[in-house]
Structures are given as structure tokens and as C-alpha cells.
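Okay, so here's the structure we're looking at.
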Amino acid sequence: MEYIVENNNILFNDYLDFDIEHILECGQCFRFYKKSDKDYLLIAYDKILRVTQGDNKIIFHNTNTNDFDTIWTNYFDLGRDYGDIKKVLSDIDEHLHKAVSEKGGIRILQQDTWETLISFIISQNKNITHIKILIEELSKKYGTYIGEEDNVKYYSFPTIEQLSAASEQDLRDLKVGFRAPYIVDACRKVFNNEVDLVGLTSMEIEEAKNELMKIKGVGPKVADCVLLFGAKRYEVFPTDVWVKRIMEHYYFNKDTKIKAIHEFAVEHYGTLAGFAQQFLFYYARDFKIGKK
DNA sequence: AGCCAGGCACCGC
DNA sequence: GCGGTGCATGGC
């Protein structure tokens, strides 16, 4: 991957399989701000990064080769050939072919495991707009100040130690509602190693899922999201209402149980199930496919 | 206004 | 096991 260093920016020319809008808006992450068309500010790993993209150029602003090589290359999963993945998925069936061709710039970000755990606990029974607000509030209150951009102060996502300082009532005051005890339980079990987040990348997949589901408020869907977005487990298929809708629409044509859909997808898409899910989810949500 | 949100725990059977 | 219901809060 050859990039160009120019002042404090890092540039790519003619980079394929990367669309910053697809990557950030596809629902896998929450801490980003759209400044204008294909111009985003994102917060990850205690850093603020601005990314802009033109026809044949991607610019990572105000960064350096060290951060790029140690953080952003992994974060954007630049070592993986998405051309290959997209080709395999497209050949599976016409539905996936369509989703991949419409949303071809998606890449699965390698996010922090802890942050994805708390974020997806919060996500349950909420719309994406409000999830983003709650995560910002949590960061503002318990995270660390990391800098200012356009007169806005930004804060890192709270560490396990920082968030452990919050009581259930503190969290309720932040309006997380019934999720407050879930967050407290996650803090406690991760802090005292009752739940091993580091081991998630290497455990048998069922074991990894069960490890996460020891936490109150973590069920199959949240566990799959944490594994896919925060632990590089690409064989899972998070099945939520949107995925249920598009799968029913394309493959079942009737009201089908989430469990049955999940089993079908894992079988049908195999080791690339996670990538398939993300293409389908974003495609379905953007075009409101399956929505009554 | 009222329904529903990237689910899950808890309760009956 | 399986299906129904309540859940805090805010967007649409």
C-alpha cells in the first residue's frame, strides 16, 4: 500500500474498495461527524481523524506515518483485499451481487473491543441517531479530553477503569435507561477478568459468543456485533430487525424466526458471513428494503 | 399522538 | 425450549 505524505496529510491515489461514506455510514461505528459530502471527522483509539475523499483521492488529514502505520492501517483494515471478498460474495447469489455493487466501498473497521461492547449494549432497542448521542455523552462525562476541532472539544471513549466509576444511577442520569445495569455488569465482569475480551479473537466461535453472553444485556445479536466489529471474527452474522427484513424479503418470503435466518446465513455465506451481513444491512437500510 | 427503535431479561407454559 | 411482554427514552 503506497501512500504519499504531504505536509501533515497522508494521501492515496486511485485506491479501490474504499468509500469513507460507506465505511462510516454502514452502521458498524458511531463516533463520526459528517462535515460535508465525503468529508468526515471520526474519533477512534484516542485520536481525532479527518478523512476526505474525492474522485481518485483519499486524504487522511493532520496525521503522520507513525499513527498511520500503527493505528489507521489496521483500523481501516487496509491489509485485506476487499476486491477478492466482493468477488466471492457476488458469485454466491444475485441478492448479494446487488448489495455489493451498490455499497462496494464498505470495509469492516477493526474497532476497540471494549468500545464496541458498550456501544452495542447501548444500541439495543434504539435508533442510530440516539445511540450516537448517548455514546458522545458517555465519552464527554467519563472519557479523556483529546483535542479540539472547529471549536468543538472531543473526548476519548472511556476506558474500563473510567467507566467503572459510574454507578447505575449516574448512568440513568445520562438517559441510558434500562441499559444502566447492563453497563455496570459489563464493567465489573471485564474489569475483574470474569469476561476475557482479549481471548475473543482466538477462542472457538461458540465459546467466544458465550463468553460475551455472560454479561447481562448481551444476547446473540450484541455478541455477534462485538465479535465482528471489535474482535475480527468475520464468520458471524449479526441478525437484527433490518437483516431479518431483507433476508425474509430475498430468501424466505414469509415471517421467519431470527434463529432460522441466522442458521441459514451462517451456512450460506460461510467464513464471509460477517462481510455479507454488513453489505446487506447497509443496502437494506439505505433503500428501506423489506420495510412495510 | 402514537408507534417503534441494530434486543434482551424475565416470566409463564 | 418457545412465545409473549415490559423496558427508558427519544426520533420520526
Side-chain angles (χ1 to χ4, degrees), chain A residues 22-32 34 99 103 106 108-109 111 115-138 141 166-189 195 206 209-231 233-234 236-249 254-263 265-266 273-292:
Chain A
H22 291 180
I23 292 169
L24 297 177
E25 305 277 7
C26 73
Q28 61 179 322
C29 63
F30 302 104
R31 301 205 67 195
F32 64 89
K34 183 173 183 170
K103 300 299 181 186
I106 289 179
I108 306 236
L109 297 170
Q111 300 180 70
E115 179 172 341
T116 52
L117 171 61
I118 300 301
S119 298
F120 281 93
I121 285 175
I122 288 173
S123 78
Q124 64 186 262
N125 226 56
K126 280 214 163 295
N127 58 52
I128 291 182
T129 316
H130 198 222
I131 299 166
K132 290 171 76 169
I133 293 170
L134 283 178
I135 292 171
E136 286 314 304
E137 291 297 309
L138 212 61
K141 178 127 192 225
S167 70
E168 185 179 326
Q169 189 55 51
D170 291 338
L171 293 166
R172 283 188 190 276
D173 292 344
L174 278 180
K175 309 295 182 190
V176 303
F178 63 83
R179 304 158 194 81
Y182 302 165
I183 295 171
V184 169
D185 195 54
C187 285
R188 189 175 63 80
K189 288 181 177 147
V195 169
E206 281 309 310
K209 204 161 166 172
N210 288 331
E211 183 75 4
L212 283 164
M213 291 196 297
K214 288 183 195 167
I215 298 165
K216 210 172 144 195
V218 176
K221 190 269 172 182
V222 170
D224 276 351
C225 284
V226 176
L227 290 169
L228 178 57
F229 304 131
R233 300 305 296 257
Y234 304 104
V236 301
F237 191 84
T239 310
D240 59 32
V241 288
W242 285 101
V243 173
K244 181 180 188 300
R245 281 179 200 141
I246 192 171
M247 294 297 283
E248 283 171 347
H249 181 76
K254 61 182 168 60
D255 195 28
T256 311
K257 303 275 181 292
I258 283 197
K259 192 160 179 282
I261 292 170
H262 183 264
E263 281 171 11
V266 169
F275 297 101
Q277 189 272 5
Q278 205 49 201
F279 283 110
L280 288 168
F281 172 79
Y282 187 35
Y283 178 64
R285 199 166 54 91
D286 216 26
F287 292 92
K288 301 195 184 336
I289 290 170
K291 180 96 168 162
K292 283 89 51 187

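First the proteins, then the strands, lettered A, B, ... as listed; each starts at 1.
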Expressed in angstrom and rounded to an integer, what is the separation of A:Glu263 atom CD from C:dG1 atom C1'? 13 Å

Rounded to whole Å, the CG-C1' distance (A:Leu117 to B:dG7) equals 14 Å

For the pair made of CD1 in A:Ile215 and P in B:dG7, what is the distance, rounded to whole Å? 18 Å

Taking NZ from A:Lys259 and P from B:dC8, how many angstroms apart are they, rounded to a whole number? 15 Å

With salt bridge (Lys or Arg N to Asp or Glu O under 4.0 Å) as the criterion, how do A:Lys141 and A:Asp170 come out once you've worked through the C-alpha distance, each side chain's angles and the decisive distance to 0.1 Å? CA-CA 10 Å; A:Lys141 178 127 192 225; A:Asp170 291 338; 5.1 Å; no

Return yes if some donor-acceptor pair links the side-chain N/O of A:Glu248 with the main-chain N/O of A:Thr256 below 3.5 Å, else return no. yes

In whole Å, what is the span from the CG atom of A:Leu174 to the C1' atom of C:dT9? 13 Å

Nearest-angstrom distance, P atom, B:dC8 to C:dG10: 22 Å

Short side-chain to backbone donor-acceptor contact, A:Glu137 and A:Val176, under 3.5 Å: no

Excluding sequence neighbours, so at least two apart, what forms side-chain contact (heavy atoms from CB on, under 4.5 Å) with A:Ala276? A:Leu89, A:Leu96, A:Tyr269

Only one of A:Ile128, A:Leu280, A:Ile246 passes side chain to side chain contact (heavy atoms under 4.5 Å, CB included) with A:Arg285; say which it is. A:Ile128

Atom pair CD (A:Gln28) and CD1 (A:Ile23), whose distance is rounded to the nearest 0.5 Å: 7.5 Å

Test side chain to side chain contact (heavy atoms under 4.5 Å, CB included), reference A:Ser123, set A:His130, A:Arg179, A:Lys132, A:Lys221, output is A:Lys221

Quick one, which residues of residues 119-134 of chain A touch DNA chain B with a heavy atom under 4.0 Å? A:Ser123, A:Gln124, A:Asn125, A:Lys126, A:Asn127, A:Ile128

Counting only N and O atoms by type, is there a donor-acceptor contact under 3.5 Å from the side chain of A:Gln277 to the main-chain atoms of A:Val236? no

Can you tell me how far P in B:dC3 sits from the matching atom in C:dT5, rounded to whole Å? 15 Å

With under 30° as parallel and over 60° as perpendicular, where do the rings of A:Phe281 and A:Trp242 fit, or are they tilted in between? perpendicular

Could you list by number each residue of residues 176-185 of chain A showing a heavy-atom separation from DNA chain B of less than 4.0 Å, or answer none if no residue does? A:Phe178, A:Tyr182

What is the distance from NZ of A:Lys175 to P of C:dC7, rounded to the nearest Å? 17 Å

A:Trp242 CH2 to B:dC4 P, in whole Å, measures 13 Å

Return the value, rounded to whole Å, for the distance between atom CG of A:Asp255 and atom P of C:dG4. 10 Å

